[in-house]
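In what follows, a single structure is set out as structure tokens and then discussed.
Computed from a predicted model, the values in this text were never measured in an experiment.
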Amino acid sequence: MVRYTGLESAIGLYEETTYAPNSGTPIEYPDFTGGMESLDASKEVLSPEFLTSQGKRLGDINVLSESASGGVSITPRWNGKAWWMFLSHLCGEYSTKTAGTGSAFIHTMQMGEAINQAVAPETYSVGAVVDRGRTTGAVRYRGLKPTSCELSFAYNQAITMATDFVGAGASPASALTASQASANPLMVSPSTASGAFLSWGGSTYSCESASIKFERPRVAVKDIASTEPTAQQLDGMAMVSGSFETFALDDSASAFDAFTVAYRAQSGNALVIYVNGNDGSNATKLTITVPKAVITSNPQPHVDGSSVQKVSIDWEGYIDAGVTDYLANIALENSNDLAKGFRA
């Protein structure tokens with residue numbers, strides 16, 4: 001009997017055009033790393049305790065409904081499709097495509113806009129086939145909808161995206177044969193094409209690390225006639241939040257720097273994250289703009305010896321009603337001539 005190892009594990013990701021079908025062809029096979037996925041399906045089991053016997057009776061066990069949940073962490077690539085699909089389903093809208101520089105295209109979408117719940121992608125879902133170590137088969141997770149996506153940036157590291165899902169259930173699938181498209185480099189920081197990485201209130205700051213998290217809560221739609229959720233309904237406000245670490249600067253006429261002044265006033269400032277690169281054919285860029293970011297905790301630096309002082313900024317995005325009716329604008333410039341950023 002063959003024993004499992006982690007070698008040659010694979011994951012295939014795709015969009016489902018109806019909710020939770022038992023089929024689907026992956027659009028991408030992100031590189032598998034240890035701990036990258038925690039997808040699981042659980043059964044609700046009724047096992048009643050009746051006082052007419054000394055213990056619970058086997059004949060009274062009833063296997064009832066099923067649901068799926070868990071996370072997937074990937075290292076996005078400049079012409080990758082899966083990470084953009086995750087964001088699209090979280091935003092509740094497909095990106096629009098316009099001409100970029102040279103033969104590149106710019107794909108744009110907003111987080112926090114009003115969602116039309118009667119059209120795709122809200123009526124669609126995400127499917128994942130996970131082959132854990134070249135077994136004789138794989139597991140298909142169906143009806144997945146993202147509830148959060150967090151992008152993390154660190155100096156001399158590849159960018160990572162951690163996404164949490166809720167879903168309908170799981171079923172057996174055929175083993176995967178993974179493949180990776182050419183001319184699809186990793187998104188890293190810094191890159192040889194890097195310019196400014198972060199600006200706050202119109203001024204740029206040096207950062208060694210940063211993160212941004214997009215969230216939309218969901219609740220399963222349950223029907224007594226179905227053993228699986230029939231949909232994953234929006235269930236609360238959208239949120240965009242994050243943090244970054246920078247150097248403490250003498251940038252004002254008082255002991256309060258620009259971040260402390262903004263925190264004490266609870267004023268909204270434009271936060272922009274820029275990631276630059278090149279996919280071999282075109283210059284590439286990811287630009288995330290939060291028009292009104294509010295600092296949520298006092299960013300006052302403290303002395304910790306003779307070393308340079310740093311300050312951590314925690315923030316949350318707000319809608320500026322009537323001006324920018326969204327929390328964040330996400331623009332990706334790459335070589336993908338795809339209408340939705342990940343499929344035609």
Side-chain angles (χ1 to χ4, degrees), residues 6 9-13 26-40 69-91 95 107 109 111 126 128 130 132 141 144-165 178 180-181 184-194 197-198 206-216 239-246 271-279 284-290 312-315 317 328 330-334 336 341-342:
S9 296
I11 183 169
L13 301 164
I27 61 171
E28 189 176 21
Y29 302 88
D31 291 305
F32 210 100
T33 58
M36 74 169 292
E37 60 85 21
S38 60
L39 295 173
D40 201 0
S69 63
V72 176
S73 295
I74 60 178
T75 47
R77 292 177 177 270
W78 277 114
N79 291 316
K81 302 173 184 178
W83 72 276
W84 196 251
M85 176 177 66
F86 290 175
L87 277 177
S88 179
H89 277 255
L90 191 64
C91 290
S95 55
H107 312 274
M109 58 186 163
M111 176 68 175
V126 173
V130 184
R132 296 179 174 101
Y141 295 93
L144 300 174
K145 293 294 282 188
T147 57
S148 69
C149 287
E150 183 171 20
L151 286 164
S152 297
F153 312 87
Y155 193 76
N156 283 344
Q157 298 291 326
I159 294 167
T160 62
M161 171 189 273
T163 305
D164 289 323
F165 293 94
Q180 185 61 255
N184 196 12
L186 290 169
M187 300 171 69
V188 298
S189 53
S191 81
T192 55
S194 287
F197 169 72
L198 182 143
S206 298
C207 297
E208 288 188 20
S209 63
S211 66
I212 183 168
K213 188 173 186 177
F214 308 90
E215 299 175 83
R216 277 193 187 275
M239 288 185 60
V240 177
S241 60
S243 65
F244 60 92
E245 185 180 61
T246 186
L271 170 73
V272 187
I273 292 174
Y274 308 91
V275 182
N276 298 279
N278 194 295
D279 64 11
T284 53
K285 177 179 284 189
L286 173 66
T287 306
I288 304 174
T289 304
V290 181
S312 294
I313 311 298
D314 298 315
W315 58 267
I330 310 166
L332 172 67
E333 185 168 6
N334 64 12
N336 273 349
F342 59 88

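- Rounding to the nearest 0.5 Å gives a distance of 12.5 Å between NZ of Lys81 and CG of Leu13.
- Within the 4.5 Å cutoff, the side chain of Phe342 has heavy atoms near those of the Ser88 side chain.
- A distance of 5.0 Å separates CZ of Phe197 from CD1 of Ile273, quoted to the nearest 0.5 Å.
- Between Val240 and Ile288, the closest side-chain pair of non-hydrogen atoms is not below 4.5 Å.
- With values rounded to the nearest 0.5 angstrom, Thr163 atom OG1 is found 9.5 Å from Met85 atom CE.
- A distance-only check finds no donor-acceptor pair linking the side chain of Thr284 to the backbone of Asn334 [under 3.5 Å].
- Note that the CD1 atom of Ile74 and the CG atom of Asp31 stand 10.0 Å from one another [nearest 0.5 Å].
- Listed for the Glu28 side chain is no donor-acceptor partner under 3.5 Å among the backbone atoms of Pro30.
- Side-chain atoms of Glu37 and Phe32, non-hydrogen and from C-beta on, do get closer than 4.5 Å to each other.
- In this structure, Phe86 and Phe165 have perpendicular ring planes: the angle between them is above 60°, well past the 30° mark.
- Of all heavy-atom pairs between Leu39 and Arg132, the closest is O-NH2, 3.2 Å.
- At distances below 3.5 Å, not a single donor-acceptor pair connects side-chain atoms of His107 with backbone N or O atoms of Trp84.
- Across all non-hydrogen atoms, the minimal contact from Phe214 to Ala328 is CE2-CB, 4.1 Å.
- Side chains of Met36 and Thr75 form no contact here, defined as non-hydrogen atoms less than 4.5 Å apart.
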Contacts under 3.5 angstrom, residues 149-158 side chains, donor-acceptor by atom type, not counting sequence neighbours:
none

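- Within the 4.5 Å cutoff, the side chain of Leu332 has heavy atoms near those of the Trp83 side chain.
- In terms of the ring-ring contact (aromatic ring centres under 6.0 Å, His included) criterion, residue partners of Phe244 (sequence neighbours excluded) are, by chain and number, Phe259.
- Counting only heavy atoms from C-beta outward, the side chains of Trp78 and Val188 never approach each other to under 4.5 Å.
- Ser211 places no side-chain N or O within donor-acceptor distance of the main-chain N or O of Gly242, the cut-off being under 3.5 Å.
- Between Asp314 and Ser243, the shortest heavy-atom contact is OD1-CB, 3.2 Å.
- In this structure, SG in Cys91 is found 5.5 Å from CE in Met111, a value given to the nearest 0.5 Å.
- Here the straight-line distance linking atom CG of Leu198 with atom CD of Glu245 works out to 12.5 Å at 0.5 Å rounding.
- When atom types are taken as modelled, the side chain of Asp164 and the backbone of Thr147 share no donor-acceptor pair closer than 3.5 angstrom.
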